[in-house]
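These values consider heavy atoms only, across backbone and side chains, with no hydrogens, waters or symmetry-generated copies. Counting convention: from 1, in listed order, for ligands and their atoms alike. Note that the coordinates shown come from a computational prediction; the quantities given were computed from them, not determined experimentally. Count residues from 1 along the sequence.
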Amino acid sequence: MTTAATGPNDATGPTELTDPRTGRTRGTAPLSREREVSAAVAAARAALPGWSGLTPKDRARRLERLAALIEEHAEQYAARERSGTGKPDSETAGEVEQVADLFRFYATAARARTAPASGHLVAGHESWVRWEPIGVVGVIVPWNYPLLMAAWRCAPALAAGNTVVAKPAETTPDSLGLLAEHAARALGEGVLQSVPGDRRTGRLLVESAVDMVAFTGSGRAGADVAARAGTRRVSLELGGNAPAIVLPDAPADTCAALAAAATYNAGQSCAAPARVITLAENYEATVAGLARALGSRLAGRDFGPLNNPDQAARYDRLVASSAAKRNLAAELAPDVDGERGHWRPARLLADLPHDDPAVTEEVFGPLLTVQRAEDEEAALALANSVPQALAASVWTTGLESGLELVARLNAGEVWLNCHLVQTAELPHGGRGTSGHGTDLSVLALHEYQRPKTVTVRRGRPLRTS
Ligand code: NAD
């Protein structure tokens, strides 16, 4: 068995999938309900003793086999990812490579344990800590990076010895379905399963007998997940709204770099730059530079469409409600279906109040706002003025200002003169309404493990059998 739901299973029938590039139907996906979710969780529970009982070395071998399968089928993964998201090939190729790398990274990282205090810590006693898996982990992911966000959750959870039941977003079940097929071959039946479906499927998974929920998605859904999960462990990676403080001595390529990061994946990255903040003296130059740089980024040539009609409507509502006096939109590439596809051009909003909805809410599209601050202190206050606190960047050639701002920005990930640079070794996680989970790095292993302290009284012989 690969995917837990194998066909239409209740009155609402399968989910109709559409191509975000054209708005046309591209197929259907099963809609998992109580029966499928319970069966998947029971299968994960049955697979748990075998999987968690493997030595880290043997688990690593299987995870490396899964990474090899992803690499062997890279084109198939990329095609599935493209069908659900409309991303260009230039984006999907790198993302599939990152997914294989993540499984390899965690295969090895789980063998190199971070050493807790152990040994002779209490007089007459010997102590150590066992890091044990949590059990069956329910993973719920969004549509913006369907495969990569699943891998950020599944790779460390599996490497830590848990089994996983993962729910993709309703519009993008394709690549996680393939990963579950390959996982059944490489890791064993029941170790990683996919339950495609909608929000109700997600709720059913949270309310099922899983031992932990790892949720990546919007703040609203995250709060609902936390309320339903009760006392079980919940890891939340929620929405961002990243500031980019651009000082007058910023590097010459700052606007080009920000435009590229803001339009990568059509701006649908939780850590994407969203709010550019300048000082009064470099405001006009930055607006002009960003207008030029964004103007050269074409939807349909350089980046893909928004993912679905709801997201497009949300984006349109925020743009329409903005009081920005300058609203500059780039072109769409000539061959895109601008009528039916969910294409939105790169856009700049300037001369807008600090409490503008496009500033305070996460727009999640190829858009940058630009705000003006009187001095660095005011720029920092603006940067830290929204409830989301996931990522931020500072652009300056002044080391002292740069490091001072980096230290005082309220965010889990901060870049200096770059943005969206990430790798398996470095942790990613939010603060405030962006959640409190940790993805990536060896720290993410702890997200899916719990310590058990063992203390033995010395001087009392123990029988060996
Ligand atoms: P969403 O919250 O609507 O949906 C995310 C997933 O949760 C989907 O699979 C959905 O079906 C499911 N879901 C929705 N409501 C649920 C509920 N009440 N209970 C259980 N499951 C539920 O989010 P989205 O619109 O698909 O994704 C975009 C959001 O994800 C943005 O806010 C983005 O910033 C955020 N995100 C955050 C990170 C991070 O690392 N912090 C990474 C990627 C995306």
Side-chain angles (χ1 to χ4, degrees), residues 15 20 29 31-33 37 84-85 95 138-153 156 165-176 194-208 210 213-229 232 234-242 264-274 306-315 318 342 361-365 386-392 411-413 420 422 426-441 444 447:
T15 310
L31 189 58
S32 313
R33 288 289 179 249
V37 171
T85 62
E95 288 167 18
V139 163
I140 300 174
V141 289
W143 41 257
N144 61 335
Y145 295 94
L147 185 60
L148 194 58
M149 289 305 100
W152 279 19
R153 293 312 205 160
V165 178
K167 192 198 92 63
E170 195 171 0
T171 55
T172 52
D174 314 81
S175 45
L176 184 55
S194 167
V195 284
D198 56 7
R199 174 188 310 179
R200 198 175 137 207
T201 311
R203 283 189 174 153
L204 287 168
L205 184 57
V206 174
E207 288 171 347
S208 73
V210 293
V213 180
F215 176 85
T216 306
S218 63
R220 205 164 98 177
D224 184 56
V225 166
R228 287 168 197 270
R232 290 170 295 168
V234 178
S235 170
L236 297 175
E237 290 284 9
L238 310 176
N241 186 6
Y264 185 87
N265 201 29
Q268 299 165 120
S269 306
C270 52
L306 297 186
N307 183 257
N308 56 68
D310 288 349
Q311 176 59 17
R314 191 174 167 278
Y315 171 91
L318 282 167
H342 312 311
E361 289 191 42
E362 181 191 36
V363 178
F364 223 49
V386 298
Q388 308 90 346
L390 184 63
E413 188 165 20
L420 275 192
Q422 294 174 321
L426 292 168
H428 162 90
R431 302 169 178 192
T433 62
S434 296
H436 44 64
T438 300
D439 280 332
L440 302 177
S441 85
E447 199 85 346

Task: Reference residue K167; test side chain to side chain contact (heavy atoms under 4.5 Å, CB included); the match among V139, L204, V206, T201 - done: T201
Open item on the list: Check the orientation of Y145 and Y264. Use parallel for under 30°, tilted for 30 to 60°, and perpendicular for over 60°.
Closed with: parallel
Task: Note: D198-R203 ion pair, threshold 4.0 Å (strictly below) - done: no
Task: Nearest atoms (heavy-atom pairs only) where S434 meets G239 - done: OG-O, 2.7 Å
Open item on the list: Looking at every heavy atom in both V363 and R314, which two are closest together, and how far apart are they?
Closed with: O-NH1, 3.4 Å
TODO: Say whether Q422 and E413, considering side chains only, have a donor N or O and an acceptor N or O under 3.5 Å apart.
DONE: yes
- [ ] Taking only heavy atoms of the protein into account, state which residues are under 4.0 angstrom from an atom of ligand 1, in chain and number order.
- [x] I140, V141, P142, W143, N144, M149, K167, P168, A169, D198, R199, G202, R203, F215, T216, G217, S218, A221, D224, V225, E237, L238, G239, G240, C270, E362, F364, L390, H428
